[in-house]
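Following: one structure in structure tokens, then a few remarks.
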Amino acid sequence: GFIFINLSPQAEPFEQAYAQLLDRFARFNVAQLRPAGRREYDVQANWKLIVENYSECLHCPTLHPALAKISPFMSGENDLVEGPFLGGPMDIVPEAESLTLSGRACGLPVGDLPEDDLHRVYYYSIFPNMLLSLHPDYVMVHTLWPQSADRTHITCEWLFHPASFEQADFDPHDAIEFWDMTNRQDWHICELSQQGIASRAYMPGPYSPRESVPAAWDRNWLKVMRQST
């Protein structure tokens with residue numbers, strides 16, 4: 001469902017570079033989904049800060065009360081833990097069906113999902129600039145486009161099962177508005193982080209054990225940078 005472009009004349013074959021992902025998302029029917037919404041954002045922060053923000057949820061209870069209410073911030077587990085593709089699932093509370101303003105599913109299941117996947121959201125950073133969020137009833141995709149060292153243009157799209165559009169009660173805005181709110185909360189904290197690291201007084205600190213994915217992303221970024229020099 002997506003097009004990936006590598007401008008290097010020595011690009012690794014796609015099937016080899018993306019071997020970890022080729023069948024991983026098949027049950028989510030991504031190639032057949034249809035877009036129902038798109039939002040664009042101009043964020044005054046480095047794109048790497050945005051990826052790191054996406055990759056942990058320790059900030060969620062403070063910054064995202066609506067999200068934390070229906071998806072416990074300590075429920076996250078990671079099934080991709082090293083390399084260019086990182087992430088894993090988080091739970092949805094039994095009282096909710098999806099991550100929406102109402103807490104109800106706003107579309108049909110995106111694919112033939114097992115029971116466990118009807119109560120989870122999967123979050124993956126796809127190196128270098130894609131953030132893929134797989135919900136039971138929709139898939140959300142962020143793409144990050146660095147404009148400068150302290151500015152990033154972000155597009156966010158919501159994809160639904162084609163049959164959802166034929167449902168009389170189909171309301172994609174239940175999901176779109178939920179994540180537009182959450183996105184803006186994230187972009188705000190990323191912009192504050194950008195201001196912080198720009199200070200001459202800034203000194204990096206260690207990651208916590210719950211931040212293994214941001215640490216793994218940093219290791220992969222440093223590896224890529226070493227290979228390119």
Side-chain angles (χ1 to χ4, degrees), residues 1-2 4 18-37 51 54-58 60 64 66-127 130-143 156-167 169-183 186 210 212-213 216-217:
F2 302 108
F4 295 87
Y18 282 73
Q20 287 180 287
L21 304 184
L22 291 183
D23 298 318
R24 181 174 289 270
F25 309 132
R27 65 191 186 281
F28 289 92
N29 197 32
V30 176
Q32 305 302 317
L33 303 183
R34 287 176 48 192
V51 177
Y54 177 85
S55 299
E56 56 82 16
C57 204
L58 292 178
C60 290
H64 307 307
L67 173 61
K69 183 178 180 180
I70 55 179
S71 185
F73 78 103
M74 292 293 284
S75 69
E77 300 293 338
N78 298 309
D79 50 38
L80 291 176
V81 297
E82 200 64 49
F85 316 121
L86 299 164
M90 290 186 69
D91 294 341
I92 301 172
V93 297
E95 308 88 82
E97 299 174 341
S98 186
L99 302 192
T100 60
L101 291 175
S102 69
R104 298 188 297 271
C106 60
L108 297 174
V110 291
D112 186 14
L113 302 178
E115 181 66 24
D116 286 348
D117 284 349
L118 296 175
H119 308 284
R120 291 175 177 165
V121 180
Y122 290 81
Y123 301 95
Y124 295 98
S125 58
I126 311 298
F127 190 85
M130 180 182 186
L131 307 176
L132 182 63
S133 308
L134 303 134
H135 301 67
D137 52 332
Y138 63 94
V139 169
M140 179 174 65
V141 186
H142 295 85
T143 50
C156 184
E157 296 182 278
W158 290 263
L159 314 175
F160 291 82
H161 194 288
S164 291
F165 292 82
E166 302 170 6
Q167 303 292 309
D169 59 349
F170 177 51
D171 181 15
H173 291 92
D174 201 10
I176 293 169
E177 297 303 328
F178 176 88
W179 276 110
D180 182 59
M181 171 186 66
T182 306
N183 283 339
D186 276 327
R210 295 290 302 181
S212 60
V213 165
W217 197 92

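Bear in mind the structure is a predicted one, so any value in this text is a computation, not a measurement.
- Shown here are the side chain to side chain donor-acceptor pair (under 3.5 Å) partners of D180, two or more places apart in sequence or in another chain: R39, Y41, R184.
- Here the closest heavy-atom approach between residue F178 and residue T182 is recorded as O-OG1, 2.9 Å.
- A donor-acceptor distance shorter than 3.5 angstrom exists from the side chain of N29 to the backbone of V110, with no hydrogens or angles considered.
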With side-chain contact (heavy atoms from CB on, under 4.5 Å) as the test, would you mind laying out the steps for N78 and S212 before giving the verdict? CA-CA 9 Å; N78 298 309; S212 60; 3.8 Å; yes
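- Under the salt bridge (charged side-chain N to carboxylate O under 4.0 Å, His left out) criterion, no residue pair touches residues 95-107, with sequence neighbours excluded.
- Aromatic rings of F170 and F160 (six-membered ring for Trp) have centroids within the 6.0 Å cut-off, being under it.
- Residues satisfying the ring-ring contact (aromatic ring centres under 6.0 Å, His included) criterion with F2, sequence neighbours excluded, are absent altogether.
- In this view, F85 and Y18 satisfy the ring-ring contact (aromatic ring centres under 6.0 Å, His included) rule, not counting sequence neighbours.
- Pairs of residues two or more places apart, or lying in two chains, that qualify as salt bridge (charged side-chain N to carboxylate O under 4.0 Å, His left out) and include a residue from residues 19-28 are R24-D79, R27-D117.
- Nearest heavy atoms, I176 versus G37: CD1-CA, 3.7 Å.
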Apply side-chain contact (heavy atoms from CB on, under 4.5 Å) to V139 and F25, showing your working. CA-CA 11 Å; V139 169; F25 309 132; over 6 Å; no
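- Using a 4.5 Å cut-off on side-chain heavy atoms (C-beta onward), P136 and I92 make contact.
- The backbone N or O of L67 sits nowhere less than 3.5 Å from a side-chain atom of S71 that would complete a donor-acceptor pair.
- Residues meeting the ring-ring contact (aromatic ring centres under 6.0 Å, His included) test with H64, sequence neighbours left out: H59.
- Remark: the backbone N or O of G107 is not paired with any side-chain donor or acceptor of S164 at under 3.5 angstrom.
- Every side chain to side chain donor-acceptor pair (under 3.5 Å) that H119 has, sequence neighbours left out, goes to E115.
- Partners of E82 by salt bridge (Lys or Arg N to Asp or Glu O under 4.0 Å), not counting sequence neighbours, listed by chain and number: R219.
- Residues that satisfy the side chain to side chain donor-acceptor pair (under 3.5 Å) test with S133, not counting sequence neighbours, are Y54.
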Evaluate side-chain contact (heavy atoms from CB on, under 4.5 Å) for Y124 paired with V213, printing each intermediate quantity in order. CA-CA 10 Å; Y124 295 98; V213 165; over 6 Å; no
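- The aromatic rings of W217 and F127 sit tilted relative to each other, their planes meeting at an angle between 30° and 60°.
- Listed by chain and number, the residues in a disulfide bond (SG atoms under 2.5 Å apart) with C57 are C60 (sequence neighbours excluded).
- Under the ring-ring contact (aromatic ring centres under 6.0 Å, His included) criterion, F73 pairs with no residue, sequence neighbours left out.
- Taking the salt bridge (Lys or Arg N to Asp or Glu O under 4.0 Å) definition, one finds that E157 meets it with R38, sequence neighbours left out.
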